[in-house]
Amino acid sequence: MNNEANNAFCLIRPPGHHATPTRGMGFCLFNNVAVAAKYLQRKYHLDNIVIIDWDVHHGNGTQDTFYEDPSVLYFSLHRYPFYPGTGSKNETGAGKGVGSTINIPLAYDTTPKKYISIYEAILENDVKEFRPDFILISSGFDSYCLDPIGGLGLGISEYRVLTEITQKIANECCEGRIVSCLEGGYHLSDLPRCIEEHLNGLIN
Ligand SMILES: [Zn+2]
């Protein structure tokens, strides 16, 4: 917000997206992206914040936090049915927040090509129309095909593609402002390679 950096990646653990406003859950204690979004609202009075979640699990805690808040668009692609059980397509928000939650449940055998095309379509349409002032990413790498806990068919290079699609929208809408936070990712030898692809995209 002070133009000290174009974007940032937060190499943090534990992850956060399962933590609700009142309790920790999954491996998560505090919901890092939700705290960041609340901070942006309070300190900078941003009207439109987008949270993108490509972790293989649904970010139930993030969804809970902003379910009735029309100023935060939460968009998640996740394996379904899977832990934590939430994230069906008809969970779209409540009250004033109806329409500001987008859930894309995906079958285990979803191909990278299909995943990327859905991702790009939502970003080019729903996210762009929302006119984000800031984009936060719940960047989970357990959607990587060999992840021992998750797995959704994504290859290492796909994380760069996702990053570049996101960056294009961020450049068009909010001067490239992206803060990405590490969520899951449990393939210890390939996790750094997935993250490196993500960073290569952010640096560009
Ligand atoms: Zn996960």
Side-chain angles (χ1 to χ4, degrees), residues 9-37 50-67 72-89 91 101-112 114-116 118-119 122-123 135-163 165-166 178-199 201-202:
F9 178 70
C10 307
L11 192 61
I12 47 175
R13 281 277 163 86
H17 72 157
H18 296 307
T20 76
T22 52
R23 69 183 179 118
M25 194 178 148
F27 304 138
C28 308
L29 297 177
F30 297 103
N31 194 319
N32 307 305
V33 290
V35 170
V50 167
I51 300 174
I52 296 169
D53 190 333
W54 68 50
D55 188 282
V56 76
H57 303 100
H58 179 242
N60 61 293
T62 313
Q63 173 169 297
D64 278 6
T65 309
F66 302 106
Y67 209 52
V72 176
L73 178 76
Y74 176 64
F75 163 44
S76 174
L77 304 99
H78 44 271
R79 186 166 151 186
Y80 188 89
F82 206 45
Y83 182 86
T86 50
S88 77
K89 206 163 186 173
E91 293 167 31
T101 295
I102 302 172
N103 282 306
I104 306 291
L106 297 169
Y108 173 64
D109 59 358
T110 302
T111 62
K114 188 174 175 198
Y115 187 107
I116 300 279
I118 293 170
Y119 187 85
I122 302 271
L123 260 75
I135 296 178
L136 296 162
I137 303 176
S138 266
S139 193
F141 297 92
D142 45 9
S143 41
Y144 170 54
C145 56
L146 299 179
D147 190 275
I149 289 181
L152 237 184
L154 290 185
I156 292 170
S157 63
E158 256 84 55
Y159 292 104
R160 182 165 184 155
V161 178
L162 293 174
T163 307
I165 293 168
T166 314
I178 296 173
V179 168
S180 173
C181 297
L182 180 63
E183 297 279 1
Y186 307 98
H187 191 295
L188 294 187
S189 58
D190 285 351
L191 174 60
R193 300 171 65 205
C194 294
I195 293 174
E196 186 179 29
E197 286 299 307
H198 181 41
L199 293 180
L202 286 176

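Whatever order the structure lists them in is the order used to number ligands and atoms, beginning at 1. Quick caveat: nothing in here was measured; it's all calculated off a predicted structure. Throughout, numbering of the chain's residues begins at 1 and tracks the sequence.
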Problem - side-chain contact (heavy atoms from CB on, under 4.5 Å) involving Y119 - partner list, sequence neighbours excluded - result: I52, W54, F75, L77, L123, L162, I165, T166

Exercise for the section: Please name all residues satisfying side-chain contact (heavy atoms from CB on, under 4.5 Å) with E158, sequence neighbours left out, ordered by chain then number. Expected result: P112, I116, L154

Handout entry: N, O or S from E183 under 2.8 Å to the Zn ion (ligand 1)
Key =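 Of the N, O and S atoms in E183, none lies under 2.8 Å from the Zn ion (ligand 1), which means no.
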
Measure from the Zn ion (ligand 1) to every N/O/S atom of [X] and report the name of the nearest one.
{"X": "D142", "value": "OD2"}
{"X": "H57", "value": "ND1"}
{"X": "D55", "value": "OD1"}

Handout entry: 4.5 Å side-chain heavy-atom contact, F9 and T163
Key = no

Problem - Heavy-atom side-chain contact between S143 and Y159 under 4.5 Å - result: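 A side-chain contact under 4.5 Å exists here.
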
